[in-house]
Undergrad: 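Take this structure, written in structure tokens, and hold onto it; I'll ask about it next.
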Amino acid sequence: QSVLTQPPSVSAAPGQKVTISCSGSSSNIGNNYVSWYQHLPGAAPKLLIYDNNKRPSGIPDRFSGSRSGTSATLDITGLQTGDEADYYCGTWDSSLTGGVFGGGTKLTVL
Amino acid sequence: QVHLQESGPGLVKPSQTLSLTCSVSGGSISSGGYYWTWVRQHPGKGLEWIGYIYHTGSTHFNPSLESRVTMSVDTSKNQFSLRVNSVTADDTAVYYCARQGAGDYYLDYWGQGTLVSVSS
């Protein structure tokens with residue numbers, strides 16, 4: 001079982017908005033920055049969001065992140081078919097003294 | 001643009017040692033400032049952090065794997081490596097190498113991953 005909890009799947013129509021949640025605890029999300037990754041099959045995972053809500057260069061502003069307490073969310077607006085992928089949240093766990101990830105959420109754009 | 005590429009055997013026998021190498025281009029490991037990290041993904045499962053190595057050779061591992069994992073770095077080849085000994089079928093996974101900024105909590109560049117199967 002993953003340390004961080006994500007819904008297994010979400011879906012929405014093209015052009016719509018989807019929110020992916022990531023739940024943790026005070027030893028991880030509650031006290032450390034959260035990052036989000038997009039993973040297409042056979043490709044290298046791509047960093048989408050870091051430090052809770054910052055976007056690396058080249059990531060469109062359709063992707064946004066936030067953190068509140070021991071949970072984090074990734075919002076994707078203006079959904080495109082190319083957004084179909086697995087999405088993972090990640091952070092550091094101060095109790096486990098290591099990186100931790102969510103189990104991943106499969107996004108389907110209907 | 002930093003590029004990472006994993007290489008190594010795709011099949012390892014139970015009880016033997018899994019060995020992988022990550023070749024880095026577009027950036028120098030010896031310049032410091034980054035933790036060179038390994039992550040794995042069991043079939044159909046989420047990501048699992050294995051650990052990292054600094055250019056000095058300093059390491060930090062997942063406590064659940066610490067007894068079986070070693071990492072090394074070869075700055076002359078701009079490569080770092082992972083070894084997992086006494087493997088079982090539970091070590092079957094796609095293994096990724098990645099880069100983490102020292103003091104940061106995210107992995108900004110990843111390799112495409114390599115599947116390692118443990119089977120006799």
Side-chain angles (χ1 to χ4, degrees), chain A residues 1-9 20 22 24 27-59 65 67 72 74 86-106, chain B residues 1-7 10 22-26 34-53 58-67 69 71 82 90 93-115:
Chain A
Q1 292 291 69
S2 299
V3 173
L4 307 180
T5 301
Q6 297 180 236
S9 63
I20 299 174
C22 177
S27 65
N28 43 65
I29 292 178
N31 283 284
N32 295 301
Y33 286 122
V34 176
S35 52
W36 289 90
Y37 306 89
Q38 179 190 63
H39 190 200
L40 293 161
K46 178 195 291 187
L47 177 66
L48 287 179
I49 298 289
Y50 68 98
D51 292 356
N52 300 332
N53 54 20
K54 298 176 183 175
R55 284 186 307 276
S57 174
I59 300 300
R67 181 188 71 173
L74 172 70
D86 293 324
Y87 292 84
Y88 292 89
C89 57
T91 186
W92 187 261
D93 191 295
S94 304
S95 293
L96 299 174
T97 62
V100 291
F101 296 96
T105 298
K106 183 175 181 60
Chain B
Q1 184 82 340
V2 177
H3 182 73
L4 294 91
Q5 180 68 56
E6 306 87 352
S7 61
C22 182
S23 299
V24 180
S25 59
Y34 297 99
Y35 297 135
W36 301 94
T37 302
W38 290 95
V39 174
R40 68 181 182 180
Q41 182 175 30
H42 294 102
K45 303 293 186 183
L47 301 171
E48 179 182 28
W49 183 82
I50 298 173
Y52 62 63
I53 187 165
S58 173
T59 55
H60 187 70
F61 302 135
N62 186 324
S64 69
L65 296 168
E66 192 166 22
S67 62
V69 168
M71 293 185 187
L82 168 72
D90 195 44
V94 176
Y95 286 77
Y96 298 94
C97 57
R99 187 184 82 166
Q100 175 185 339
D104 293 328
Y105 296 92
Y106 56 90
L107 299 166
D108 58 356
Y109 291 101
W110 298 62
Q112 286 195 305
T114 186
L115 173 63

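Naming convention: chains lettered A, B, ... in sequence-line order (proteins, then strands); numbering from 1 in each chain.
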Undergrad: Counting only heavy atoms not in Tyr34(B) (residues, nucleotides, ligands), do more than 12 fall under 6.0 Å from its OH?
TA: no
Undergrad: So which residues of residues 46-53 of chain B are in contact with chain A at a heavy-atom cut-off of under 4.5 Å?
TA: Gly46(B), Leu47(B), Glu48(B), Trp49(B), Tyr52(B)
Undergrad: Is the closest side-chain heavy-atom distance between Ser35(A) and Leu107(B) below 4.5 Å?
TA: no
Undergrad: Less than 4.5 Å to any heavy atom of chain A: does that hold for the side chain of Asn62(B), its backbone, both, or neither?
TA: neither
Undergrad: Taking all heavy atoms of Thr97(A) and all of Pro63(B), pick out the closest pair and write down the distance.
TA: OG1-CG, 4.2 Å
Undergrad: Among residues 37-45 of chain A, which ones touch chain B with a heavy-atom distance under 4.5 Å?
TA: Tyr37(A), His39(A), Gly42(A), Ala43(A), Ala44(A), Pro45(A)
Undergrad: Let me know if Val94(B) has heavy atoms under 4.5 Å from chain A in its side chain, its backbone, both or neither.
TA: neither
Undergrad: Could you look at Tyr33(A) and say if it's the side chain, the backbone, both or neither that has a heavy atom under 4.5 Å from chain B?
TA: both
Undergrad: To the nearest 0.5 Å, how far apart are OH in Tyr105(B) and CG in Asn52(A)?
TA: 10.5 Å
Undergrad: Quick one: which of Gln100(B), Lys45(B), Gln41(B) has the most heavy-atom pairs under 4.5 Å with chain A, could you say?
TA: Gln41(B)
Undergrad: Name the residue from Val34(A), Leu48(A), Thr91(A), Asp51(A) that meets the side chain to side chain contact (heavy atoms under 4.5 Å, CB included) definition with Tyr106(B).
TA: Asp51(A)
